[in-house]
Amino acid sequence: MKNKQVADIFNKVAALLEIKGENPYRVRAYQRAAQVIEALTTDVEELAKQGRLSKLPGIGADLAQKIKEILRTGTLSLYEELKKEVPPHLLTFLEIPGLGPKKVKAIYEKLGITSIEELEEACKKHKIAKLPGFGWKTEQNILKGIKLFREKTGRKPLGEILPLAEEVVRILTETSPVEQIAIAGSLRRRKETVKDIDILITSTRPHDVMKRIVELEFVEEVIAFGETKTSVRLRPGIQMDVRVVEPDSWGAALAYFTGSKAHNIRVRELALEKGLKINEYGVFKGDKKIAGKTEEEVYEAVGLPFIPPELREDRGEIEAGLKGELPKLVEYDEIKGDGHVHSKYSDGTASLEEIMQKAEALGLSWVAVCDHSQSLKVAGGVPIKDLFEKKRRIEELNKRSKRVKLIFGSEVDILSDGSLDYPDDVLKEIEFVIAAIHTGFQQSEEQITNRILSALRHPFVHAIAHPTGRVIGERDAYELNLTKIFEEAKKYGKALEINAYYKRLDLNDINARAAKERGIPLIIGTDTHFIDQLEYIGFGVAVARRAWCEAKDILNTLNYEEFKAWLEKVRNQS
DNA sequence: GCCGTTTTCGGCCCGACTGTTTTCAGTCG
């Protein structure tokens, strides 16, 4: 899929045009197009062949041509020309907090600066402050921005930040005079990575709330302190913005601060069509406020049903909402089982008994214990003789346990040549076989794709674990033709995993949505090696919800008997 | 550059804050 490649080029073109000082609406057109292409669940090349590009929202005749050019040549002549006019290095300047396109343009044109080192030098020599429109304060801010830029490790995984935000909410609820309190922003949308924490509060004593916030033990630096807005930097190096609003504006503010920006723009455009205006204080008809207390009210005012936060990305939820065709998203409490857990038999730390207890505490009724297969020695791959001991132990435990059942599973390696890591007569005995790639990441796209395809065709395989192999912030997905994987999974009725470990989340939201649209069953697995991480199943559900999945799309909503029946069905049809 | 049961041209989301200004441009979310 070349979707990402097209989106990247459009985003860069947008940034370069911005620095050039081009029409901001032209810039926005490229940004919107990039976003639309990136969120596609079909191959942009496929759409091009069918001549359907200009049917996409935000893509007209011109951008359709440009997409075709990228697909044909691998680049875009406009982009190549822009790079000659504007040094592409300047694009990184835009990532420095406080620097926008206009300032970058001035710095480049007046001083010929093209690198961060030169920029820093110029600030220290006070050359920046002398530029028109700049001053000593701006100069200091740029230096501070450069420091932050160098320190920043980028966006942080949801799984690292959400627990922290929830802890802040708990403390404030218990020890400060808040009335309503909620996490907003991309955390509330459960985006896989987040840039900051947004907290929204109503209170009659905002000063006391803000005071309590800056006293929190994990606050490292107070960036701004006010009655309605306070910003701090928390110890893991993440900014937290807290806002206090009137109860009457709660819904409008929550919608506003939840975003996404693209979603909010579309909602406000709808409002304009109806002669209304939306801001963070409410929905207004002229000077009269007609809604704002709840999010439902705000959406209703523009003719939309409530849209779950996970869908608010301008990926078709507005259109679906207007038509009354929003999905009934799978709920967190509809999950009955965990499809991928490691035990002491391989590199997990928990015994089978402990897994059962924890599952019961979490209200799950089944857990597939999928330890690594024999050749993955670094991860304690289970030799065949131990495999059958594990099977006997699980059968014993299941006899004694009414509420929770374990499923005898294995995460079987797909070897470099595409064969599986146990012989067929062994695989046949394993109730749930989830196949995975752990070696040979450097192979070509064709090789890796073929390995997964042959696993999907294998009669004893039920599912593929973490299909793309990406690890957030550490490793990109391996080269893979997902379109072919989807076709084959669909053909054989096999499942693909949504790995819920917060650094994997693989399939991701867009790919999981593509699989769902093709009718491929999805299974959520925590892939946990530590007992407490069984709780992370929620991150997988979040991906499923962001992928527009309903309960019927997710195998984990089946009860134990139903899931066993699915496992057998896959074996029988093969 | 896109888009249209008011429009094929003239619109295109909204407000807060900051800093550099003496009324506003730039940045941010």
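This structure is a prediction, so every number in the text was calculated from the model and none was measured. By convention in this document, chain letters (A, B, ...) are assigned in the order of the sequence lines, proteins followed by strands, and residues within each chain are numbered from 1.
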Using a distance-only test with no angle check, is there a side-chain donor-acceptor pair under 3.5 angstrom linking [X] and [Y]?
| X | Y | result |
| --- | --- | --- |
| A/Glu280 | A/Ser249 | no |
| A/His263 | A/Glu313 | no |
| A/Glu69 | A/Ser77 | yes |
| A/Thr41 | A/Glu517 | yes |
| A/Asp241 | A/Gln239 | yes |
| A/Arg212 | A/Thr175 | yes |

Expressed as a whole number of Å, how far does the [atom1] atom of [N] sit from that of [M]?
| N | M | atom1 | value |
| --- | --- | --- | --- |
| B/dG15 | B/dT22 | C1' | 23 Å |
| B/dT6 | B/dC2 | P | 23 Å |
| B/dA16 | B/dG11 | P | 25 Å |
| B/dG1 | B/dT5 | C1' | 24 Å |
| B/dG26 | B/dT20 | C1' | 11 Å |
| B/dT21 | B/dT27 | P | 15 Å |

field: Atom pair CG (A/Leu329) and CD (A/Glu310), whose distance is rounded to the nearest 0.5 Å
entry: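 A/Leu329 atom CG to A/Glu310 atom CD measures 6.5 Å (nearest 0.5 Å).
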query: Roughly how far apart are A/Glu269 CD and A/Arg266 CZ, rounded to 0.5 Å?
result: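 The distance works out to 6.0 Å.
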query: B/dT5: syn or anti, with syn meaning chi within 90° of zero?
result: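 Anti, which is what one calls it when the glycosidic angle falls more than 90° from 0.
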Nucleotide opposite B/dC12 in a Watson-Crick or G-U pair, distances under 3.5 Å: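 Base-paired to B/dG1.
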- prompt: Taking the side chain of A/Asn279 as its heavy atoms from C-beta onward, which of B/dG1, B/dC14, B/dG19 lies nearest to it?
  reply: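 Nearest to the side chain of A/Asn279 among the choices is B/dC14.
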query: Out of B/dG19, B/dG1, B/dG15, which has the shortest distance to the side chain of A/Lys277?
result: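 Minimum distance to the A/Lys277 side chain belongs to B/dG15.
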Distance in angstrom units between [X] [atom1] and [N] [atom2], rounded:
| X | N | atom1 | atom2 | value |
| --- | --- | --- | --- | --- |
| A/Ile265 | B/dG15 | CD1 | P | 14 Å |
| A/Tyr281 | B/dG15 | OH | P | 9 Å |
| A/Lys144 | B/dT18 | NZ | P | 12 Å |
| A/Phe284 | B/dC14 | CZ | C1' | 12 Å |

- prompt: Taking for each residue the nucleotide of DNA chain B with the nearest heavy atom, is it A/Pro132 or A/Thr228 whose nucleotide lies nearer the 5' end?
  reply: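 Nearest nucleotide further toward 5': that of A/Thr228.
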task: Could you go through the salt bridge (Lys or Arg N to Asp or Glu O under 4.0 Å) check for A/Arg170 and A/Glu167 one step at a time?
output: CA-CA 5 Å; A/Arg170 188 187 63 77; A/Glu167 177 72 357; 2.9 Å; yes
- line: Per-nt protein contacts along nucleotides 22-29 of chain B (heavy atom under 4.0 Å; B base, S backbone sugar-phosphate only, - none) come out as ----SSSB
message: When you measure from the side-chain N and O atoms of A/Thr138 to the phosphate of B/dT18, is any distance below 4.0 Å, counting only OP1 and OP2?
response: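 It does not, given that no N or O in the side chain of A/Thr138 lies less than 4.0 Å from OP1 or OP2 of B/dT18.
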- request: May I ask you to verify if any side-chain N or O of A/Asn141 is less than 4.0 angstrom from the OP1 or OP2 atom of B/dT18?
  value: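 Answer is no, no contact under 4.0 Å.
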Tabulate atom names and distances for all N/O pairs under 3.5 angstrom spanning the protein and nucleotides 3-12 of chain B.
| residue | atom | partner | partner atom | Å |
| --- | --- | --- | --- | --- |
| B/dC3 | OP1 | A/Gly58 | N | 2.9 |

- prompt: So what does A/Lys66 hit on the nucleic acid, given a heavy-atom distance under 4.0 Å: a base, only sugar-phosphate, or nothing?
  reply: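 Sugar-phosphate: the residue A/Lys66, judged by heavy atoms under 4.0 Å, touches backbone atoms but no base.
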- prompt: Should A/Arg233 and A/Val222 count as side-chain neighbours, where that means a heavy-atom distance under 4.5 Å?
  reply: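 With C-beta onward as the side chain, the pair stays apart.
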